[in-house]
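Here, residue 1 is the first one in the sequence, and each next residue gets the next number.
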Amino acid sequence: MPTAIGEPVELVAPDGTLLSGSVAAGGERTAVLMHGLTAHRGLVLMGSRKLQREGWTVIAFDARGHGNSGPAAPGSDYGYGRLIEDAEAILARFAPGPAVLVGVSMGAHTAAGLAIARPDLCRAMVLITPAWRGSTVLSPTEAERWLGLADALESDGIEGFIGELAESGPQGRWSELASVAARQRMGSHLHLDAVAAALRDTPLSKPFQSLDSLQSLRLPTLVVGSRDEADPGHPVAVAQDWAQRIPGARFELEGEGESPLAWRGASIADFALSLAEGP
């Protein structure tokens, strides 16, 4: 399983949640890695050390309730408001200057929300497979899927989650691949009950006011889409829409029949390097 590289560190978030991460100290150019829902900090650059070899500072944290991070503090939650607050605290504590934000799905939404709220903290962004369509109102099918996954994880652990995923996720030849990847991913979490709570909270929250807010961004941005048939929850059309709304953003997508670009950590690192060369 890919792991984030660097010295282990901890941070107490503003609401009292204990966050666990790693920092590979380097120069002033900094990347902050933000993973997706039910993932962990090693699943952004997939073990690539390219940024470290280029002398960058690389900061990677497990989101609250994920990986080695603690569950949300009593009375708190797993919504995007908290995730953005956590990211701001991480940058304030560990980043030597404005950072390149590299986020996957939930992490992409968090990165964009932080950049909208605090553009002074952000040098550039690589947004990988964003899925938020600008509404907190889920369709009955979407709501049932998230709640079903949360209930299965809470009641029957990882195997329950895998079983529910098999029912609601991709079918046919992609089902086994999705199950294997999910089992590896879920095995990395210390607090499965907290992941279940995040499955209930995060999809119903808003990372920023609306998709129109993306038009306020004025920083180099690259949006990565995916043709991955095993991941229908991240439609290419949504990533394309984000790229069109962010002024000057580039859009990248793997070719037909190629492995998902979102899985290629070295390529994602190259995107971060190229964006940092901009003004």
Side-chain angles (χ1 to χ4, degrees), residues 1-37 39-73 78 82-115 117-128 185 188-191 194 219-220 265-277:
M1 180 181 296
T3 56
I5 309 302
E7 294 298 319
V9 293
E10 290 185 337
L11 174 73
V12 177
D15 70 342
T17 299
L18 181 64
L19 303 176
S20 178
S22 60
V23 175
E28 292 186 0
R29 291 198 172 177
T30 305
V32 176
L33 312 183
M34 303 180 187
H35 63 76
L37 185 60
H40 59 83
R41 67 182 186 266
L43 295 177
V44 179
L45 294 184
M46 304 297 185
S48 171
R49 298 171 180 255
K50 181 169 285 190
L51 293 179
Q52 289 95 317
R53 290 198 298 269
E54 293 291 333
W56 283 42
T57 295
V58 179
I59 302 168
F61 269 77
D62 293 321
R64 53 180 51 215
H66 291 69
N68 292 332
S69 286
Y78 299 87
R82 294 296 188 186
L83 295 174
I84 291 168
E85 188 178 63
D86 292 348
E88 185 174 349
I90 289 165
L91 266 74
R93 172 65 180 83
F94 295 107
V100 177
L101 310 181
V102 183
V104 182
S105 189
M106 178 183 79
H109 309 157
T110 303
L114 177 63
R118 291 292 309 274
D120 57 303
L121 297 178
C122 309
R123 180 185 181 95
M125 293 190 297
V126 181
L127 305 178
I128 305 161
R185 188 171 73 242
S188 70
H189 303 304
L190 295 181
H191 304 282
L219 70 164
S267 295
I268 300 300
D270 281 336
F271 292 142
L273 290 167
S274 66
L275 289 176
E277 295 300 326

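- For Ala25, there are no side-chain contact (heavy atoms from CB on, under 4.5 Å) partners, not counting sequence neighbours.
- Within the model, atoms OG of Ser267 and CE of Met46 stand 11.5 Å from one another, a figure rounded to the nearest 0.5 Å.
- Side-chain N or O atoms of Ser22 include none that pairs as donor or acceptor with a backbone N or O of Glu7 at under 3.5 Å.
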Begin from the C-alpha positions of Thr30 and Ile59 and carry the test side chain to side chain contact (heavy atoms under 4.5 Å, CB included) through to its verdict. CA-CA 7 Å; Thr30 305; Ile59 302 168; 3.7 Å; yes

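- Scanning both residues, Ser48 and Gly265, for their nearest heavy atoms gives CB-C, 3.7 Å.
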List the atom pairs, donor and acceptor, that lie under 3.5 Å between side-chain atoms in residues 95-107 and the rest of the protein, sequence neighbours left out.
| residue | atom | partner | partner atom | Å |
| --- | --- | --- | --- | --- |
| Ser105 | OG | His234 | NE2 | 2.6 |

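- Remark: Arg118 engages Glu88, Asp120 in a salt bridge (charged side-chain N to carboxylate O under 4.0 Å, His left out) (not counting sequence neighbours).
- For the residue pair Tyr78 and Ala194, the shortest heavy atom distance occurs at OH-CB, 3.3 Å.
- To the nearest 0.5 angstrom, Leu190 atom CG is 8.5 Å from Asp62 atom CG.
- Looking only at distances, a side-chain donor or acceptor of Thr57 sits under 3.5 Å from a matching main-chain atom of Gly26.
- A salt bridge (Lys or Arg N to Asp or Glu O under 4.0 Å) check over residues 92-108, counting only residues at least two apart or in different chains, returns nothing.
- Closest non-hydrogen pair, Leu51 versus Ala269, comes out as CD2-O, 3.8 Å.
- Here the side chains of Ile268 and Val44 are not in contact, with every heavy-atom distance at 4.5 Å or above.
- Residues passing the side-chain contact (heavy atoms from CB on, under 4.5 Å) test with Glu54, sequence neighbours excluded: Trp56, Leu273.
- Here the shortest heavy-atom pairing between Leu219 and Met125 reads CD1-CG, 3.9 Å.
- How far OG of Ser69 is from NE2 of His189: 10.5 Å, rounded to the nearest 0.5 Å.
- Residues meeting the ring-ring contact (aromatic ring centres under 6.0 Å, His included) test with Phe94, sequence neighbours left out: Phe61.
- Between Arg41 and Asn68 there is a side-chain heavy-atom pair separated by less than 4.5 Å.
- Rounding to the nearest 0.5 Å places CD1 of Ile128 at 9.0 Å from CG of Leu33.
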Distance-only criterion, 3.5 Å: show the donor-acceptor pairs between side-chain atoms of residues 8-16 and protein atoms not counting sequence neighbours.
| residue | atom | partner | partner atom | Å |
| --- | --- | --- | --- | --- |
| Asp15 | OD1 | Thr17 | N | 3.1 |
| Asp15 | OD1 | Thr17 | OG1 | 3.1 |
| Asp15 | OD1 | Arg64 | NH2 | 3.0 |
| Asp15 | OD2 | Thr17 | OG1 | 3.3 |
| Asp15 | OD2 | Arg64 | NH1 | 2.9 |
| Asp15 | OD2 | Arg64 | NH2 | 3.1 |
| Asp15 | OD2 | Ser76 | OG | 2.4 |

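- Remark: His109 pairs with Tyr80 by the side chain to side chain donor-acceptor pair (under 3.5 Å) rule, at least two apart or across chains.
- The closest donor-acceptor contact from the side chain of His35 to the backbone of Ala63 lies under 3.5 Å.
- Between the OG1 atom in Thr110 and the CG atom in Leu114 there is a gap of 8.5 Å [rounded to 0.5 Å].
- Side-chain contact between Glu277 and Arg29 is present, with heavy atoms from C-beta onward closer than 4.5 Å.
- Taking the side chain as every heavy atom from C-beta outward, His66 and Leu37 approach each other to under 4.5 Å.
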